[in-house]
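Below is one structure; the comments refer to it alone.
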There are 2 protein chains.
Amino acid sequence: MGRKRLHDAADGRPTVHTVAARAGVSIASASRVLNGVGGSAETVRRVREAAAAVGYVPNAIARSLQSQRTGLIAFAVEDIGNPVYVAMMRAIEAVVAESGRQLLVHATSGQVASETALLRRLAHRYVDGMIISPIRVTDSHVEAMTASPVPVVVIGQLPDAVPVDNVRTDSRTGAGLAVDHLVAGGRTRVAFLNGPLDTVPGVARDAGFRAAVARHGMSADLIEVGDFQYAAGRAAAERLLARSRPDAIVCANDLIAVGALHALLVSGLRVPEDVALVGMDDTELAQMSYPQISSVSLGSEIRGRLAAQLLLDRIADAGLPPRREQVPPSLVIRASSGGGA
Amino acid sequence: MGRKRLHDAADGRPTVHTVAARAGVSIASASRVLNGVGGSAETVRRVREAAAAVGYVPNAIARSLQSQRTGLIAFAVEDIGNPVYVAMMRAIEAVVAESGRQLLVHATSGQVASETALLRRLAHRYVDGMIISPIRVTDSHVEAMTASPVPVVVIGQLPDAVPVDNVRTDSRTGAGLAVDHLVAGGRTRVAFLNGPLDTVPGVARDAGFRAAVARHGMSADLIEVGDFQYAAGRAAAERLLARSRPDAIVCANDLIAVGALHALLVSGLRVPEDVALVGMDDTELAQMSYPQISSVSLGSEIRGRLAAQLLLDRIADAGLPPRREQVPPSLVIRASSGGGA
DNA sequence: GCTCCTTGTGTAAACGTTTCCGGAAGTCTG
DNA sequence: CAGACTTCCGGAAACGTTTACACAAGGAGC
């Protein structure tokens, strides 16, 4: 009927007009009842009944346009295949869900262009805030983040001058912990398999490793660089074994460590008897391997939780001064370095 | 100035009114230029310049309200920690991105309540479509899917009567492939570590395993059930070894297989010499293990790609009859069952 | 020189909500 | 019972876009 078409949405679904008409009240009253604010007992009853009868569901887009917020939080991550990000995501999701919002995840493939595009898209206001964990931080990142009209929280290092909330760890020290542990276990030829040196974690871990071996009076020549993936770790370990014979290997993350473990076992070396191994990030991958891999924990769950909290706080009060949280690294010793079972 | 406030958004950001005023044209003209449709050379120049000068970015919410579409596609997945979903996600993302849309991922933790809540939330119209891969399909799932005003595509089995696009595989046959391969390799005591029997893949794989062992005249008593996780796989394998001595194990997915491998190695058994192992899903986990694990591929990338294509087609034309795609399983043989390196 | 078509423009009405504001009715106080 | 106060309601204006429609100006065709 004409009457009906006037109140339904373009696609024929009921709107607040439909409900109001059916209940015989104004749209203002209908909206109030549906939002649980005000309304006489009778009005509430009639509106509720009408809404149920037509199967009314509010249109989130329209609501967002009016309220200026979407209830969505984004988490942008470069490699969703890396369990460390899955751990962070779970922690973030818990906090976000508790605030009644929804988390959505974007995979950026670590492309700077794709990350900044995502950041810029924030200006479109499709989400209320974003948590991003970039492994490279370029000028265009910084510019896009500071220009963003919606709050951004960074998990990772950031130049001090950038006025953006962030939560960081100290993977430089973390790499040192790994070396110290191996040296304490009597290892004298400690190698390092790192990720790219044009990444923030790459340089931090490189510095940490070099400082640590120097501290122990050892040379830092057993270094191989690839990317932060399994295949690269395996390839790097093969290159390393082809040119030298280390008795311990520190890896810049667990994916690399699993790759290295594979290479070691293939070449007939025993872990930890012949070569001790330590990973980083302390992901479930480290526990799933055999032998289980010692790993430097960088507190991914904690960092995720803190980041989410920082973001929610800033959404609640945009005037807050930029905050910075630091999570200390710790070493989890397992069989691959001669520890636990 | 009052002038300015009149045209800017509530938060002080420029709107199309701001741009129009600055360019000295109507908002209609401004909008047309910004969308690249129409406008005289002079108007185009002025509007472009004004937009650049004030740093105008269109508000996606307002645009969506008008256009009735958001350009967002959701992928709902029960366990983002399972690499098979990561593989699907990558495939989906590729297709979705090519269509100029964005993919967002929701983790449901496999909770029926959470999945149906997500499906119902589709009615809010925040996304243009959703791909979901539920491991349990309840009546409330089916009801929520059919009632959804936005298209839904299911990856996985679905009752035939449900008029929803879906892409399925045949993991029943897949389990059979694994058994056949092991028997052909001379194994006679083949066990099966499965996921929960109240899940769709759980029952399919159970049926496939039972049919296959029966076909070979073997009994199906070496079955342990847990959930689809690493820890459950490891525990199930330990239970199995405590009560029997199989010479081959089929696992309902790769996570379980990695857990089983761990248990086998811990108990001093050699793989594949003492016990052969076959997983399912053919994820990167299977290749990362040592020895590498044979696995039944269920074509996750292909399924993801097909699902995305189905969804985009339906978004383009809602009138399409429901479609159904089938991807055959295939066995990838690796070292854990005596094959390759 | 008149009509007809094309092109460009502006006004205004959507899209589906929420909310401000003024008024009507009811309740309490003295 | 008059006045002040509360409660509830409806009209209308937002939120920031896109777009249907009407109209004006200009060129082509006769």
*Could you tell me the separation between the NE2 atom of B:His17 and the C1' atom of D:dT17, rounded to a whole number of Å?*
9 Å
*Side chain of A:Arg63: nearest nucleotide among D:dT17, C:dG16, C:dT18?*
C:dT18
*Can you tell me if B:Thr18 uses its side chain to pair, donor with acceptor, with the backbone of B:Thr15 under 3.5 Å?*
yes
*Evaluate the side-chain proximity of A:Val150 to A:Asp128: yes if any heavy-atom separation is below 4.5 Å, no if none is.*
no
*Below 3.5 Å, does any donor atom in the side chain of A:Arg13 face an acceptor in the base of C:dG16, or the other way round?*
no
*Just to confirm, is there a sub-4.0 Å distance from OP1 or OP2 of C:dT17 to any side-chain nitrogen or oxygen of A:Ser31?*
no
*asked:* Taking the nucleotide of DNA chain C with the nearest heavy atom to each, does B:Ser40 or B:Ala62 sit closer to the 5' end?
replied: B:Ser40
*Side-chain-base donor-acceptor pair under 3.5 Å for A:Arg32 and D:dG10*: yes
*Starting from C1' on D:dG16, measure out to CD on B:Gln68 and report it in whole angstrom.*
15 Å
*Mind calculating the distance between CG (B:Leu65) and P (C:dT18) to the nearest angstrom?*
12 Å
*When the distance from OH of A:Tyr126 to P of D:dT17 is rounded to whole Å, what number comes out?*
13 Å
*Is a salt bridge present between A:Asp198 and A:Arg136, judged by a nitrogen-to-oxygen distance below 4.0 Å?*
yes
*asked:* It should be established whether A:Asn59 places a side-chain nitrogen or oxygen under 4.0 Å from OP1 or OP2 of nucleotide C:dC15.
replied: no
*Roughly, in whole Å, what's the span from CZ in A:Arg125 to C1' in D:dT17?*
14 Å
_Counting the atoms with a prime plus P, OP1 and OP2 as sugar-phosphate, which does A:Val57 contact under 4.0 Å by heavy atoms, base, sugar-phosphate, or nothing?_
sugar-phosphate
*Please determine, for the side chain of A:Ser26, which listed nucleotide (D:dC15, D:dT19, D:dG11) has the closest atom?*
D:dG11
*Quick one: do B:Arg46 and B:Glu49 make a salt bridge, cutoff under 4.0 Å?*
no
*State which of D:dT18, C:dG16, D:dG11 makes the closest approach to the side chain of A:Ala28.*
D:dG11
*Taking CZ from A:Arg69 and P from C:dT19, how many angstroms apart are they, rounded to a whole number?*
10 Å
_Distance check needed: C:dG8 P versus B:Arg45 CZ, whole Å only._
16 Å
_Earlier contact from the 5' end, DNA chain C, for A:Tyr56 and B:Gln66_ = B:Gln66
*Whole Å only: how far is the CD1 atom of A:Ile27 from the C1' atom of C:dC20?*
13 Å
_Looking at B:Arg90 and A:Asp79, is there a salt bridge between them, counting it only when a charged N and a carboxylate O are closer than 4.0 Å?_
yes
